[in-house]
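These notes are about the structure you will find just below.
Numbers restart at 1 for each chain; the letters A, B, ... are given by sequence-line order, proteins then strands. Not measured: the values here are computed from a predicted model.
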Protein chains: 2
Amino acid sequence: MVVDQRFGLTDEEVDRIFHALADATRRDILRRSLEAPLSVSELAAFYDMSFAAVQKHVAVLEGAGLVTKEPDGRKRLVHGNPETLAKAQALMEEYEAIWRSRVERLEALLSEDR
Amino acid sequence: MVVDQRFGLTDEEVDRIFHALADATRRDILRRSLEAPLSVSELAAFYDMSFAAVQKHVAVLEGAGLVTKEPDGRKRLVHGNPETLAKAQALMEEYEAIWRSRVERLEALLSEDR
DNA sequence: CTGATCTACAACCATTTGGTTGTAGATTAT
DNA sequence: ATAATCTACAACCAAATGGTTGTAGATCAG
């Protein structure tokens with residue numbers, strides 16, 4: 001099952017967050033929607049691919065909780081969600097902390113016998 | 001081409017980093033190898049899959065620069081690489097900064113007409 | 001009302017992913 | 001020297017990914 005449930009996130013949720021971030025187009029969509037909410041078709045205009053493809057990328061980001069879609073007439077405004085971003089950051093800081101604590105243990109060992 | 005070359009990382013490198021993190025087994029391998037270097041077969045013993053499968057996961061982490069392999073006799077010691085981790089964290093902080101600057105712009109607008 | 005726009009979603013396809021088994025080379029232990 | 005261990009890597013397979021086109025439902029504009 002692989003332990004990884006910190007921050008109230010299941011493995012599957014963390015999988016989805018990092019998978020969503022593992023594509024340059026999706027990262028660009030996330031950046032733009034963090035700057036200001038945009039409709040899906042406004043987003044689609046930026047990329048050299050079909051509307052449906054962009055729609056799928058937005059769906060992946062939405063499934064990861066990185067963006068939300070707010071109905072606005074016939075449009076859906078895509079908003080970036082900084083909360084999920086913060087959770088992912090916290091996750092990565094955990095890894096850094098693990099490494100740092102290892103360095104500290106090694107330093108403690110070294111200072112022990114001097 | 002989608003702009004994303006901060007921190008000396010190309011889109012492809014960022015893709016590989018997040019893709020490597022988007023799997024619970026790989027995150028667990030990373031955590032263990034940050035705690036202490038381990039051989040591939042030592043790592044493989046933790047998971048309910050073949051040695052070759054774990055070997056592939058390590059290769060993905062290595063391709064992303066998240067771990068390095070150091071030859072040690074017939075073993076290869078897998079070390080976690082905190083530098084790449086730090087780069088990924090910096091990337092995510094960029095996104096947070098984008099969102100924060102947007103909030104600041106909105107607040108500036110609000111305080112303008114009062 | 002009619003036509004244009006925005007979105008949703010299904011069906012399809014090529015490629016990648018994540019697993020398997022099997023073979024072979026290097027190193028260590030007996 | 002032989003056997004056991006550790007790793008590398010190829011070949012294979014099912015499922016997921018990232019793209020496409022096409023169809024249809026809502027909503028807005030003339």
Atom [atom1] of [X] to atom [atom2] of [N]: distance rounded to whole Å?
X	N	atom1	atom2	answer
B:Leu21	C:dG18	CG	P	12 Å
A:Glu42	C:dT7	CD	C1'	13 Å
A:Arg16	D:dA16	CZ	P	14 Å

Response to the item:
dist B:Thr84:OG1 -> B:Gln89:CD (nearest 0.5 Å) comes out at 12.0 Å

Report yes if at least one side-chain N or O of [X] is closer than 4.0 Å to OP1 or OP2 of [N]; otherwise report no.
X	N	value
B:Gln55	D:dA8	yes
B:Lys56	C:dT20	no
B:His19	C:dG18	yes
B:Ser50	C:dT20	yes

Item to complete: Please give the angle, rounded to 10 degrees, between the axes at the start and the end of the helix from C:dC1-D:dG30 to C:dT30-D:dA1, where five pairs define each axis.
Response: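 The helix from C:dC1-D:dG30 to C:dT30-D:dA1 shows an end-to-end axis angle of 30°.
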
Fill in: Whichever of A:Asp72 and A:Val60 has its nearest DNA chain D nucleotide further upstream toward 5'
A:Val60

Worksheet item: C:dG18, D:dT21, D:dA8: which one has an atom nearest the side-chain heavy atoms of A:Ala52?
Response: D:dT21

Scan nucleotides 3-6 of chain D against the protein and return all N/O pairs shorter than 3.5 Å with their distances rounded to 0.1 Å.
from: D:dT5; atom 1: O4'; to: B:Arg74; atom 2: NH1; distance (Å): 3.3
from: D:dT5; atom 1: O2; to: B:Arg74; atom 2: NH1; distance (Å): 2.9

